[in-house]
*Asks:* 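This is the structure I have questions about; it appears just below.
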Amino acid sequence: MPNKRRQFDYSLFFITFGLLAFGLMMIYSTSAYEAGREFDGDAAHYFKRQLLSTIIGLGAMWGVSYIPHKLYRAIPWWLPLAVGIGAMLMLLTPWAHTAKGATRWFYLFGSSALSIQPAEIVKMMIIIFSAKMVADYPKMMQTWRGFAWIVGPALLLGVIVRALSNNLSSALIVIGIGVVMIFIASPQYKKYVIAVVLAAIAVVFIVIYFSQPIDTSDMEFRGKRFVAWLHPEQYSDDTAYQTLQALYAIGSGGLTGKGIGESIQKMGFIPEAQNDMIFAIICEELGLVGAVLVIVLFAVLIHRLIHIAMRAKDLHGAMLVVGVMAHISIQVILNIAVVTNLIPNTGISLPFISYGGSAVIFTLIEFGVVQNVALDAKL
C-alpha cells in the first residue's frame, strides 16, 4: 500500500488554500459596506457564509481525495448525464429559488440556508463523462461521428443549463470543458481548426452587425449587453453601468492600489461587487501589482494541474485532471475578460475568490478528484 499521506500533493493544496484565503479576505473587504446596510450592521455576513462553504468544501475535498478515481470510469456512461439533467430539473420544482429574474438555485431539504446552483454539478458531471468516454473509446475521436458522440452531450447539457436557468455563461463553460478535453485528447486537430475558423467568421459578422446604429428597444437583455459592450459610453446609465464602474475601479487603482478596504466603487457603485466583479475591486485596492499576483497564482495552479495530468498513471486519470484544468482556465479567462470589457458582460465568477457557496464547494470537490489522481501519479 502506498503512503497516501506522503504522496498527497501539498503543492496543489497550498496554492489552492492561498487562493481561498485571499478570496475570503477580498470578499470581506468588498462586501462589508453592502452587508452592513442589508443585514442590520452585520458587515461580515457574506464573509461568514463563504467561510462556512469553504470549510465544507475543504472537508469534501479531503474525503473525495480518498475515493479511487477508477470508480468514475466504472460507472455507466449515461449516469453523469442523468445526474446533471436531474440536478437542472430541480429548478422546475417548488424548491427552486428565483433572484433578480433568474432561477439558478434550489433549496436543499427546503431550507433557504442550503442553496445549490445545479450548473456547478453539471460542470463536474461533464468532466466525469468526457474523461470516461475518452478513456473507453479513444479511437472514436478520430471520426466525425465519434467526435459528435462525445461532444454532443456537452452541447446538450449546455443547452439545458441555458434553457432552465437562463445562465448563458455557465452553459458556455460546460460546453467549453467538453470541447477542451476532447481537443487535448484528440490526435487530429483538423476538426478544431475548421470549428475555430467558422466561429471566428461568425464573430466578425456579429461584431460588424452590432457596430452599426441599431434600435435596441425590442432586444432582449443579452442583445443589449452585446451592443453596450461595443458602445459602453452610450449605455452608461443602464446596460453598461456595471462595466464602466468596474473600469473606473481598475483605472483608479494604479500600480499599487488604494489599499485593502479603501475601494470607493464597492460603496454601492458596483452592485454586488463581491460576486462577478470582485477582480475590479482587487485592481482598485491592490493595483496592477495585486492583479498580476492573482493571475500568477492561477497560472501556477494551472501549471501544477498540467504537471499532475502528464504524470498520471492512466489516460482516464489524466483526463479528469485536464477537465478540472479546463474548468478553472476557462472561468478565469472569461471572468477577467468580462471585468476588463474585452468581451460582453456574461456574469462569470472568479474561481475561489468570488462569493458563491455552491461554486467553491463543487470546485473543491473537483480538486479532491485531482488529489486522488495525484496519489497514484509519479510526481
*Asks:* Are M133 and W77 close enough that some pair of their side-chain heavy atoms sits under 4.5 Å apart?
*Replies:*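 Result yes, sub-4.5 Å side-chain heavy-atom pair found.
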
*Asks:* So do M181 and I126 actually touch side chain to side chain, heavy atoms under 4.5 Å?
*Replies:* no

*Asks:* Just jot down the side chain to side chain contact (heavy atoms under 4.5 Å, CB included) partners of V292, sequence neighbours excluded, or say none.
*Replies:* L288, V296

*Asks:* With no hydrogens and no angle check, is any side-chain donor or acceptor of K266 less than 3.5 Å from a backbone partner on S31?
*Replies:*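 Between the backbone of S31 and the side chain of K266 there is no qualifying donor-acceptor contact (under 3.5 Å).
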
*Asks:* Is there a side-chain contact between I361 and T54, using heavy atoms and a 4.5 Å cut-off?
*Replies:* no

*Asks:* Using a strict threshold of under 4.0 Å (side-chain N to carboxylate O), is an ion pair present between K123 and E120?
*Replies:*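 Judged by the 4.0 Å cut-off on N to carboxylate O distance, E120 and K123 do form a salt bridge.
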
*Asks:* Say whether, by atom type as modelled, one donor and one acceptor occur between the side chain of N372 and the main chain of H69 under 3.5 angstrom.
*Replies:* yes

*Asks:* Starting at CG of L89, measure out to CD1 of I160 and round the result to the nearest 0.5 Å.
*Replies:*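 One finds 7.5 Å between CG of L89 and CD1 of I160.
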
*Asks:* Closest heavy-atom contact between Y33 and G268?
*Replies:*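 Reported closest heavy-atom pair: CE2-N, 4.1 Å.
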
*Asks:* Counting distance only, does the side-chain N/O of S65 pair as donor-acceptor with the main-chain N or O of G368 below 3.5 Å?
*Replies:*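 Not confirmed, S65 side chain does not pair with G368 backbone.
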
*Asks:* How about W105 and W95: are their ring centres within less than 6.0 Å of each other?
*Replies:* no

*Asks:* Taking the side chain as C-beta and beyond, is there a heavy-atom pair between L286 and V294 under 4.5 Å?
*Replies:*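 The answer is no, as the side chains (C-beta and beyond) never meet within the 4.5 Å cut-off.
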
*Asks:* Is the closest side-chain heavy-atom distance between M88 and L157 below 4.5 Å?
*Replies:*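 Side chain of M88 against side chain of L157, heavy atoms only: no contact under 4.5 Å found.
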
*Asks:* Under a 4.5 Å side-chain heavy-atom rule over Ile, Leu, Val, Met, Phe, Trp and Tyr, are M26 and L24 clustered together?
*Replies:* no

*Asks:* Residues two or more places apart in sequence or in another chain: which of them pass ring-ring contact (aromatic ring centres under 6.0 Å, His included) with Y28?
*Replies:*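 Only F47 meet the ring-ring contact (aromatic ring centres under 6.0 Å, His included) criterion with Y28.
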
*Asks:* Apply side-chain hydrogen bond (donor to acceptor under 3.5 Å, both in side chains) to the pair H45 and E38, showing each step before the final yes or no.
*Replies:* CA-CA 9 Å; H45 174 81; E38 292 186 4; over 6 Å; no

*Asks:* Between A309 and V322, what is the shortest heavy-atom contact and its length?
*Replies:* CB-CG2, 4.1 Å

*Asks:* Tell me every residue that passes side chain to side chain contact (heavy atoms under 4.5 Å, CB included) with A273, counting only those two or more places apart in sequence or in another chain.
*Replies:* T30, I270, I281

*Asks:* Rounded to the nearest 0.5 Å, what separates atom CG in D276 from atom CG in L350?
*Replies:* 9.5 Å

*Asks:* Is there a path of hydrophobic side-chain contacts, each under 4.5 Å between heavy atoms of I/L/V/M/F/W/Y residues, joining I343 to V180?
*Replies:*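 Yes, V180 and I343 fall within the same hydrophobic cluster.
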
*Asks:* Do F13 and L58 have side chains that approach each other closer than 4.5 Å (heavy atoms only, starting at C-beta)?
*Replies:*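 They are in contact (side-chain heavy atoms under 4.5 Å apart), so the answer is yes.
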
*Asks:* Quick one: does Y72's side chain have a donor or acceptor within less than 3.5 Å of a partner on A131's backbone?
*Replies:*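 Here the side-chain-to-backbone pair does not exist.
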
*Asks:* Which value, rounded to the nearest 0.5 Å, describes the distance between F362 atom CZ and I116 atom CD1?
*Replies:*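 One finds 5.0 Å between CZ of F362 and CD1 of I116.
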
*Asks:* For G357, is there any backbone N or O sitting under 3.5 Å from a side-chain donor or acceptor partner on R49?
*Replies:* no

*Asks:* When hydrophobic residues are tied together by side-chain contacts of less than 4.5 Å, even through go-betweens, does F269 share a cluster with M277?
*Replies:*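 Cluster IDs for F269 and M277 differ.
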
*Asks:* Minimum heavy-atom separation for P351 and V332, please, with both atom names.
*Replies:*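 In terms of heavy atoms, the two residues are closest at CD-CG2, 3.8 Å.
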
*Asks:* Considering residues at least two apart in sequence or located in another chain, which fulfil the ring-ring contact (aromatic ring centres under 6.0 Å, His included) criterion with Y46?
*Replies:*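 Listed in chain order: F39, Y355.
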
*Asks:* Give a yes or no answer on whether the side chain of T93 reaches the backbone of M90 with a donor-acceptor pair at less than 3.5 Å.
*Replies:* yes

*Asks:* Can you tell me how far apart CD (E366) and CD1 (I177) are? Round to the nearest 0.5 Å.
*Replies:*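 Between atom CD of E366 and atom CD1 of I177 there are 6.5 Å.
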
*Asks:* For a quick test of your reading: what N or O donor-acceptor pairs under 3.5 Å do the side chains of residues 244-260 make, sequence neighbours left out?
*Replies:*
from, atom 1, to, atom 2, distance (Å)
Q245, OE1, Q265, NE2, 2.5
S252, OG, Y248, O, 3.1
S252, OG, A249, O, 3.1
K258, NZ, E284, OE2, 3.0

*Asks:* Do I333 and V338 belong together in a cluster built from hydrophobic side chains that touch within less than 4.5 Å?
*Replies:* no

*Asks:* Please report whether the ring centroid of F352 lies less than 6.0 Å from that of F367.
*Replies:*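 They qualify: ring centres under 6.0 Å apart.
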
*Asks:* Going by ring-ring contact (aromatic ring centres under 6.0 Å, His included), name the residues that satisfy it together with W62, two or more places apart in sequence or in a different chain.
*Replies:*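 Here the qualifying residues are Y66.
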
*Asks:* Run the numbers on I365 and M61 for side chain to side chain contact (heavy atoms under 4.5 Å, CB included), then give the verdict.
*Replies:* CA-CA 5 Å; I365 289 174; M61 181 183 74; over 6 Å; no

*Asks:* Under a 4.0 Å N-O cut-off, is there an ion pair linking K70 with D314?
*Replies:* no

*Asks:* In the structure I gave you, are the side-chain heavy atoms of L334 and T346 within less than 4.5 Å of one another anywhere?
*Replies:* no

*Asks:* Main chain of S165, side chain of R104: is a donor-acceptor contact present, judged purely on distance under 3.5 Å?
*Replies:* yes

*Asks:* Let me see the working for L12 and L301 under side chain to side chain contact (heavy atoms under 4.5 Å, CB included), right down to the final yes or no.
*Replies:* CA-CA 7 Å; L12 179 65; L301 177 66; 3.5 Å; yes

*Asks:* Check the surroundings of atom CE in M310: do more than 12 heavy atoms from other residues, nucleotides or ligands lie under 6.0 Å from it?
*Replies:*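 12 or below, so no.
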
*Asks:* Is there a side-chain contact between K48 and D42, using heavy atoms and a 4.5 Å cut-off?
*Replies:*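 Yes; the side chains approach each other to less than 4.5 Å.
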
*Asks:* Considering non-hydrogen atoms only, spot the tightest contact between A87 and P118 and give its length.
*Replies:* O-CB, 3.3 Å

*Asks:* Ignoring hydrogens, what is the shortest heavy-atom contact between K313 and D376? Give both atom names and the distance.
*Replies:*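 Taking K313 first and D376 second, the nearest heavy atoms are CE-O, 2.9 Å.
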
*Asks:* Start with the C-alpha gap between I67 and V369, add the side-chain angles, then the distance that decides, and say whether side chain to side chain contact (heavy atoms under 4.5 Å, CB included) holds.
*Replies:* CA-CA 8 Å; I67 299 176; V369 176; over 6 Å; no

*Asks:* Find the distance between OG1 (T16) and CD (Q371) and round it off to the nearest 0.5 Å.
*Replies:*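 Rounded to the nearest 0.5 Å, the OG1-CD separation comes out at 7.5 Å.
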
*Asks:* Answer yes or no: is there a donor N or O on one side and an acceptor on the other, between the side chain of E285 and the main chain of S263, under 3.5 Å?
*Replies:*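 Yes, E285 side chain to S263 backbone: donor-acceptor pair under 3.5 Å.
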
*Asks:* Please say yes or no: joined through hydrophobic side-chain contacts below 4.5 Å, possibly via intermediate residues, are I121 and V159 part of one cluster?
*Replies:* no

*Asks:* Tell me if a side-chain donor or acceptor on N335 pairs with a main-chain N or O of I348 at a distance below 3.5 Å.
*Replies:* yes

*Asks:* If we ignore hydrogens and angles and just use 3.5 Å, is the side chain of Q50 paired with the main-chain N or O of G356 as donor and acceptor?
*Replies:*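 Side chain of Q50 to backbone of G356, a donor-acceptor pair under 3.5 Å: yes, one is there.
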
*Asks:* For V174 and A154, which heavy atoms make the closest approach, and how far apart are they?
*Replies:*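 Heavy-atom minimum between the residues: CG1-O, 3.9 Å.
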
*Asks:* Hey, are Q331 and S349 close enough side-chain-wise for a donor-acceptor pair under 3.5 Å?
*Replies:*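 Note: S349 and Q331 side chains meet the donor-acceptor criterion.
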
*Asks:* Working to the nearest 0.5 Å, report the span between CG of L19 and CD1 of I353.
*Replies:* 5.5 Å

*Asks:* Verify side chain to side chain contact (heavy atoms under 4.5 Å, CB included) between L320 and V370, making sure each step is shown before the conclusion.
*Replies:* CA-CA 7 Å; L320 286 171; V370 173; over 6 Å; no

